[in-house]
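As the structure lists them, so they are numbered: ligands from 1, and atoms in each ligand from 1. Values reported hereafter were calculated over all heavy atoms of this structure, with side chains retained and with hydrogens, waters and symmetry mates removed.
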Amino acid sequence: MRSVYLPGNKEVVVRDVDPPRPGHAEVRIAVKASCICRSDMSLYYGNAVLGGVVPGRFICGHEPAGFVEELGQGVTTLRVGDRVAVHLALGCGTCPACRRGIFHLCPTWKCIGFTADGGNADYMVVPERNCLRIPDSLSFVAAAISTDAFGTLYSACKKLELSGASTLGIWGMGPMGSSGILAAKALGARVVAFDPIAERREFALKLGADLALDPTAPGVMDAIKEFSHGDGLSAAIDCSGNPTAQNMALDAVRPFGKVAFVGESKETTIRPSEQLIRKQISLIGSWYFGIAEYAEIAELLVSKKIDLTQLATHTFSLDEAPEAFALFDQRKTEKAVFVM
Ligand SMILES: [Zn+2]
Ligand SMILES: [Zn+2]
């Protein structure tokens with residue numbers, strides 16, 4: 001089977017390897033779609049965001065979907081032919097985090113595409129419990145996007161308790177922020193999108209944002225006030241990880257507002273008294289989603305007829321992986337998806 005490796009230094013290796021066989025309580029998935037994510041760029045450059053990564057050791061790709069093609073012994077809940085997306089975290093299965101379905105908080109977790117073989121291949125093997133059933137109406141491309149991109153933003157929106165009374169600002173209009181617009185609109189919020197790039201703001205409006213602003217333009221705070229009827233936003237999500245955007249999100253919410261940081265970021269400086277304490281803001285972090293949330297994610301996608309395929313600006317075959325990663329790196333694509 002074809003498989004893709006990122007050993008670092010912008011190298012992309014497409015290798016022919018034997019397909020893996022499923023062990024006990026594992027299934028083999030014929031992968032049909034697998035997304036490239038900004039976090040893959042850390043492998044591409046050779047400075048992995050996760051600890052314990054051995055460059056080029058594992059097949060990359062942590063946002064796959066496909067159908068169950070072979071069952072290992074002891075699999076009870078899946079059949080051959082079932083259509084599934086894959087939860088990226090391989091947990092121990094028995095610790096408190098794993099029992100709650102938040103495998104990415106398991107102390108010994110491995111991440112597909114980083115510290116275990118991932119989805120940029122014709123086949124992959126994962127534990128039965130990592131399979132997320134997808135509705136018939138969801139294409140494999142949409143299912144792949146429904147995991148890390150949409151699922152992460154759905155989980156953040158849920159933690160922010162969005163409703164029809166919410167005014168939400170989202171900073172950073174890459175695939176994450178764009179997914180956030182779709183999730184927040186489906187939950188009833190009014191949404192203002194922030195990005196310095198004009199094409200991204202246009203795309204945000206096309207996806208349903210009520211307003212799109214350049215965060216670097218003069219008068220942007222006045223525009224936010226006007227959008228929120230003089231009040232300030234009730235909620236904000238930063239997808240950029242940029243300290244200026246993180247601070248702007250804190251400044252833009254009204255007293256008792258809620259802010260979620262989703263974009264990865266090593267260090268930032270905020271003004272706790274002014275931005276948090278006196279405004280009595282809740283600032284939360286949000287990272288991926290738990291297994292139990294996926295049924296809700298799938299339900300929302302179907303009931304609100306959310307078309308995630310519009311986020312896939314480019315599709316590639318596995319053989320085109322070197323070109324795909326190069327174009328993604330040069331930001332000539334937004335969400336790029338391998339289609340097998
Ligand atoms: Zn990702
Ligand atoms: Zn565990």
Counting only protein N, O or S atoms (no waters) closer than 2.8 Å to the Zn ion (ligand 1) gives 4
Does anything in residues 84-109 form a ring pair (Phe, Tyr, Trp, His ring centres under 6.0 Å)? List the pairs, not counting sequence neighbours. His87-Phe103, His87-His104, His87-Tyr288, His87-Phe289, His104-Trp287, His104-Tyr288, Trp109-Trp287
Residue pairs involving residues 134-167 (criterion ring pair (Phe, Tyr, Trp, His ring centres under 6.0 Å); sequence neighbours excluded): none
Sub-3.5 Å donor-acceptor pair from the side chain of Thr333 to the main-chain atoms of His314, do we have one?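 Looks like no, no N/O pair under 3.5 Å.
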Opening angle at the Zn ion (ligand 2) [SG, Cys92; SG, Cys106; to 10 degrees]: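 Angle SG(Cys92)-the Zn ion (ligand 2)-SG(Cys106): 110°, rounded to 10°.
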Determine whether Ser34 and Glu63 satisfy the following criterion, side-chain hydrogen bond (donor to acceptor under 3.5 Å, both in side chains), listing intermediate values before the conclusion. CA-CA 5 Å; Ser34 180; Glu63 306 181 13; over 6 Å; no
Please identify each residue that fulfils salt bridge (Lys or Arg N to Asp or Glu O under 4.0 Å) with Glu161, with sequence neighbours left out.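 If we apply the salt bridge (Lys or Arg N to Asp or Glu O under 4.0 Å) test to Glu161, skipping adjacent residues, the hits are Lys258.
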Using 4.0 Å as the upper bound for N to carboxylate O, is an ion pair formed by Asp210 and Lys185?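 Judged by the 4.0 Å cut-off on N to carboxylate O distance, Lys185 and Asp210 do form a salt bridge.
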